[in-house]
Amino acid sequence: MRRISLEQLLLRREDHSYGQQYRYVMELIGQGKIKPLKASGINGKKPALYREYWLIEPKKDYGGYVEELKYGLHPRISLDYYLAHPKSYEKEREWVILLSDYLKYKSGSLVYKVSVNERSFEIWGREKFLSQGEGKSVLKHCGIERASLNIYGTSEPLAYYSRTRETPQNMVILENKDTFYSMRRYLLDGNEKIFGISVGTLIYGAGKGILKRFEDFSICVEPDITDKSNRIYYFGDLDYEGIGIYEHLSSLFGQEWKITPFAGAYDRMLKKAGKIGTERLPNMKERQNRNLCGEFFAYFPKELTDKMKAVIESGKYIPQEILNISDFCDEV
């Protein structure tokens, strides 16, 4: 309902007598078109009229939409929400019908896994409908799960370098860009081993970006890289955030891929930091999440674990950049 003043209500009847104006207002009340707002007070005339009224919108007949819902849509579309909210169906009807028609006549395309934007355009003719538009609400109201559309999200492409296509091979995810480029150059120079293990592929993680980008790992790299016999290592900054990225990555994808810390790299970091001196290490960034589950440290001997904990618990950290191309060989 919308409020309207008596003056607005009588705007086109200013030249009528007060008696005619009064009868007009009473007729509107009798027809259920307006309702007096008693709190507004009366106008002081006889017979009195209230100063403000509620405009009552006529109830719309949604009978035609109800028939369409019951008999016109694909059976996979749930009717519960729209039957209870016909006004929402009126608003979203165009999109619901397009979805229904797709399920009726083109559902065979669902056997192909495609990107969110590609499927969105295929169904609604708008590539961003599912990701940015009303698509999420429409799917929810229709009782259709996004997963049933056989779609995948696309993040920024995963940056990686492969020295070989042989399988099985060792792959290393690197948190930072500098280390990725240094190790890549080291391998391009004809070297095969880094810290004692043969490395076939380097993957640039981009910090926490790896958590999103790794979702698309199986669809954005060659089959030899996704071979289940391959082994994946992780190497990042030695601080709470870097360790947390590893533990989060492992928890998200551990059932599909076994990801372990690159122990040789962390050992070399500590040895080099020991020569520099802990007091000369940079201070850790503030507000890092210190809640670690402990999985990271489980891959190291106690002596090495104690040294790593001593560094981070002192408020210092060791960046990956402590190592450069001269450090990657087997010898210390």
Side-chain angles (χ1 to χ4, degrees), residues 1-2 57-160 173 177 203-223 225-226 245 248-249 251-253 255-257:
M1 291 189 296
R2 183 168 62 88
E57 297 179 4
K59 289 186 178 181
K60 190 166 184 176
D61 181 11
Y62 292 105
Y65 290 151
V66 171
E67 288 296 305
E68 184 173 81
L69 281 165
K70 289 181 176 180
Y71 306 110
L73 300 182
H74 189 277
R76 278 186 61 188
I77 294 178
S78 173
L79 308 181
D80 296 345
Y81 178 83
Y82 288 126
L83 287 175
H85 304 86
K87 190 174 182 179
S88 294
Y89 179 66
E90 181 182 38
K91 178 183 176 184
E92 300 173 356
R93 178 175 177 269
E94 175 187 358
W95 313 117
V96 177
I97 289 177
L98 286 171
L99 176 60
S100 177
D101 287 347
Y102 179 84
L103 294 174
K104 286 179 181 179
Y105 309 117
K106 300 178 182 178
S107 60
S109 298
L110 292 175
V111 299
Y112 301 103
K113 195 177 187 73
V114 302
S115 75
V116 173
N117 288 353
E118 288 169 342
R119 187 73 79 205
S120 183
F121 189 85
E122 186 176 49
I123 298 174
W124 293 285
R126 291 190 180 184
E127 73 277 12
K128 302 292 186 182
F129 186 70
L130 267 180
S131 58
Q132 297 180 4
E134 302 171 81
K136 293 179 182 178
S137 295
V138 170
L139 278 190
K140 182 179 179 181
H141 295 163
C142 289
I144 302 290
E145 296 289 336
R146 276 170 59 98
S148 70
L149 297 181
N150 201 13
I151 55 179
Y152 60 83
T154 50
S155 57
E156 289 299 314
L158 196 68
Y160 65 95
I173 298 173
K177 190 184 300 182
I203 299 170
Y204 172 47
K208 293 180 180 178
I210 190 62
L211 302 176
K212 175 63 178 174
R213 292 175 185 176
F214 207 73
E215 291 179 1
D216 305 328
F217 182 63
S218 61
I219 60 174
C220 67
V221 298
E222 286 78 8
I225 298 179
T226 59
I245 292 172
H248 197 178
L249 183 69
S251 69
L252 287 175
F253 306 103
Q255 290 186 343
E256 186 176 4
W257 300 96

> Would K106 and E122 pass as an ion pair if we require N to O under 4.0 Å?
Replying inline: no
>> Checking K140 against Y81 for the side-chain contact (heavy atoms from CB on, under 4.5 Å) test, could you report, in this order, the C-alpha distance in whole Å, the side-chain angles of both residues, the deciding distance, and whether it holds?
In response: CA-CA 9 Å; K140 182 179 179 181; Y81 178 83; over 6 Å; no
Quick one: pull up [atom1] in [X] and [atom2] in [Y] and give me the separation to the nearest 0.5 Å.
| X | Y | atom1 | atom2 | answer |
| --- | --- | --- | --- | --- |
| S107 | R76 | OG | CZ | 8.0 Å |
| E118 | K113 | CD | NZ | 12.0 Å |
| I77 | L99 | CD1 | CG | 4.5 Å |
| L149 | L103 | CG | CG | 7.5 Å |
| L79 | Y89 | CG | OH | 9.5 Å |
| H85 | E92 | NE2 | CD | 11.0 Å |

>> Assess the residue pair V114 and N150 against the criterion (side-chain contact (heavy atoms from CB on, under 4.5 Å)); give the C-alpha distance rounded to whole Å, side-chain angles, the decisive distance to 0.1 Å, and a yes or no.
In response: CA-CA 7 Å; V114 302; N150 201 13; over 6 Å; no
> Under 6.0 Å from the OH atom of Y102, do we count more than 12 heavy atoms belonging to anything else shown?
Replying inline: yes
>> Taking atom CD as the centre, does E145 end up with more than 12 heavy-atom neighbours from other residues, nucleotides or ligands that are less than 6.0 angstrom away?
In response: no
>> Under the criterion side-chain contact (heavy atoms from CB on, under 4.5 Å), I'd like the reasoning laid out for H141 against V96: C-alpha separation, chi angles, the key distance, then a yes or no.
In response: CA-CA 9 Å; H141 295 163; V96 177; over 6 Å; no
> Under the side-chain contact (heavy atoms from CB on, under 4.5 Å) criterion, do F253 and I210 qualify, and how do the steps go?
Replying inline: CA-CA 11 Å; F253 306 103; I210 190 62; over 6 Å; no
>> Applying side-chain contact (heavy atoms from CB on, under 4.5 Å), can you list everything that pairs with K104, at least two apart in sequence or on another chain?
In response: H74, S100, D101
> Quick one: side-chain hydrogen bond (donor to acceptor under 3.5 Å, both in side chains) partners of E127, sequence neighbours excluded?
Replying inline: none
Can you name the closest pair of heavy atoms from [X] and [Y] and give their distance?
| X | Y | answer |
| --- | --- | --- |
| R119 | S109 | NH1-O, 3.4 Å |
| I123 | L98 | O-CB, 3.8 Å |
| Y82 | V138 | OH-O, 4.0 Å |
| S120 | L130 | OG-N, 3.2 Å |

> Between W95 and F129, what is the ring plane arrangement, given parallel below 30°, perpendicular above 60°, and tilted in between?
Replying inline: tilted
> Is any side-chain heavy atom of W257 closer than 4.5 Å to a side-chain heavy atom of L249?
Replying inline: no
